[in-house]
Amino acid sequence: MSKPQHFIFLLVHDFTHIAFSCAVEPLRIANLVSGKELYTWSYASENGETATCSNGSVTLVHHKQDALPDCDRLFVLSGIRVQDHTDKSLLACLRRERARGTKIGALCSGAYVLAKAGFLTGIQTAIHWEFHDGFMEEFPQVNLVRNVFVSDEKIITASGGTATADLMLHMIERDHGYDLSVAVSDQMVYNAVRDATAEQRVSLQSRHGMRNKHLARAIQKMHETIEYPISPTLIAEEVGISTRQMERLFGKFLNCSPKKYYVEIRLERARHLLLQTEGSVTEISLACGFESAGHFSRVYRAAFGVTPSVQRSRLS
């Protein structure tokens, strides 16, 4: 690339500081490690002077949202109470930028702002798990996914926290190669980088336990039986509900079937074992309840886009 890419981060009041840092620092480190100015960045807010994040820190900004310069990508970064801060002036700003051809993305709860602006109809979208239920109710036309980020859509989104770093590392790899991306993650002491197909994982207590005890027990049972999977029908019986009831619960809270979720947690466990242990592909396939290494490889590749062997070779 002949000139550095410039990103503008539009900081919405109460934005999340961890997502902000995870967005900017990989860019800074990419410049440092490469010895080149590959990226530049600036910040914008409603008043054009400062932006306050949810931990009370105040950041000086470069631009007022009503007067943004040209950039290669405009990222909307918000946090808690995003519904209260998505006002007419913010939506008007984004619609103007879209009309003049600016590429737009969203970090953390920023996808809510873009959905409110009408940008995400039919588009795969990632948002922090805490917003999932309300988001699906308000924006059924958006193809919400549980991925940590989505990078292969016209509008890219990341679910927040360290998922923002995952997205930036992915963009660095896409723009400047795998070796630089690895060098940046090493500088960050971040050795568990996730690709876009990885899902947001949070504790059962945080995500489900306070909402529906049957769902929490069913998921707990799945985690307990990863090595020797049992049928969803048997899980429903042990939880004390019908198979149909369990299907409805998984559809309502997780937007997928029990069978699909069961396979996903086994694949996620397999991915962790591949990246964090020396076990063979065969040993890991058995530990995660797959009938053979061949079957495991096919399912893994369909989910993550690479075979288990290739996934592991990327660490060497």
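In this text the structure is predicted, and so the values were computed from the model without any measurement.
- Side-chain atoms of S159 never come within 3.5 Å of backbone atoms of H128 as a donor-acceptor pair (strictly under, hydrogens ignored).
- For D72, the side-chain hydrogen bond (donor to acceptor under 3.5 Å, both in side chains) criterion is met by no residue, not counting sequence neighbours.
- The salt bridge (charged side-chain N to carboxylate O under 4.0 Å, His left out) search around R301 returns none, not counting sequence neighbours.
- Residues that satisfy the salt bridge (charged side-chain N to carboxylate O under 4.0 Å, His left out) test with R248, not counting sequence neighbours, are absent from this structure.
- With sequence neighbours excluded, no residue forms a side-chain hydrogen bond (donor to acceptor under 3.5 Å, both in side chains) with H13.
- A salt bridge links E25 with R28: the closest approach of a Lys/Arg side-chain nitrogen to an acidic carboxylate oxygen falls below 4.0 angstrom.
- Every residue two or more places apart in sequence or in another chain was checked for a salt bridge (charged side-chain N to carboxylate O under 4.0 Å, His left out) with E46, and none qualifies.
- Applying the salt bridge (Lys or Arg N to Asp or Glu O under 4.0 Å) test to residues at least two apart or on different chains, the pairs with a partner in residues 214-237 are K221-E238.
- Applying side chain to side chain contact (heavy atoms under 4.5 Å, CB included) to L114 and the options I104, I123, T125 leaves one that passes, I104.
- Listed by first then second residue, pairs satisfying ring-ring contact (aromatic ring centres under 6.0 Å, His included) with a partner in residues 226-246 number zero, not counting sequence neighbours.
- The ring-ring contact (aromatic ring centres under 6.0 Å, His included) check on H62 picks up Y43, with sequence neighbours excluded.
- Residues F139 and K116 have side chains in contact (heavy-atom distance under 4.5 Å, counting atoms from C-beta outward).
- Taking a cutoff of 4.0 Å between a charged side-chain nitrogen and a carboxylate oxygen, E264 and R146 qualify as a salt bridge.
- Judged as a side chain to side chain donor-acceptor pair (under 3.5 Å), the pairs with a partner in residues 95-104 (not counting sequence neighbours) are, in order, D66-R96, D70-R100, E97-R100, E97-T102.
- Residue L68 comes nearest to C93 through the heavy atom pair CD1-SG, 4.0 Å, listed as atom of the first residue, atom of the second, then distance.
- Applying the side-chain hydrogen bond (donor to acceptor under 3.5 Å, both in side chains) test to T307 and every residue at least two apart in sequence or in another chain returns nothing.
- For Y262, there are no ring-ring contact (aromatic ring centres under 6.0 Å, His included) partners at least two apart in sequence or on another chain.
- Residues forming a ring-ring contact (aromatic ring centres under 6.0 Å, His included) with H295 (at least two apart in sequence, or on another chain): F290.
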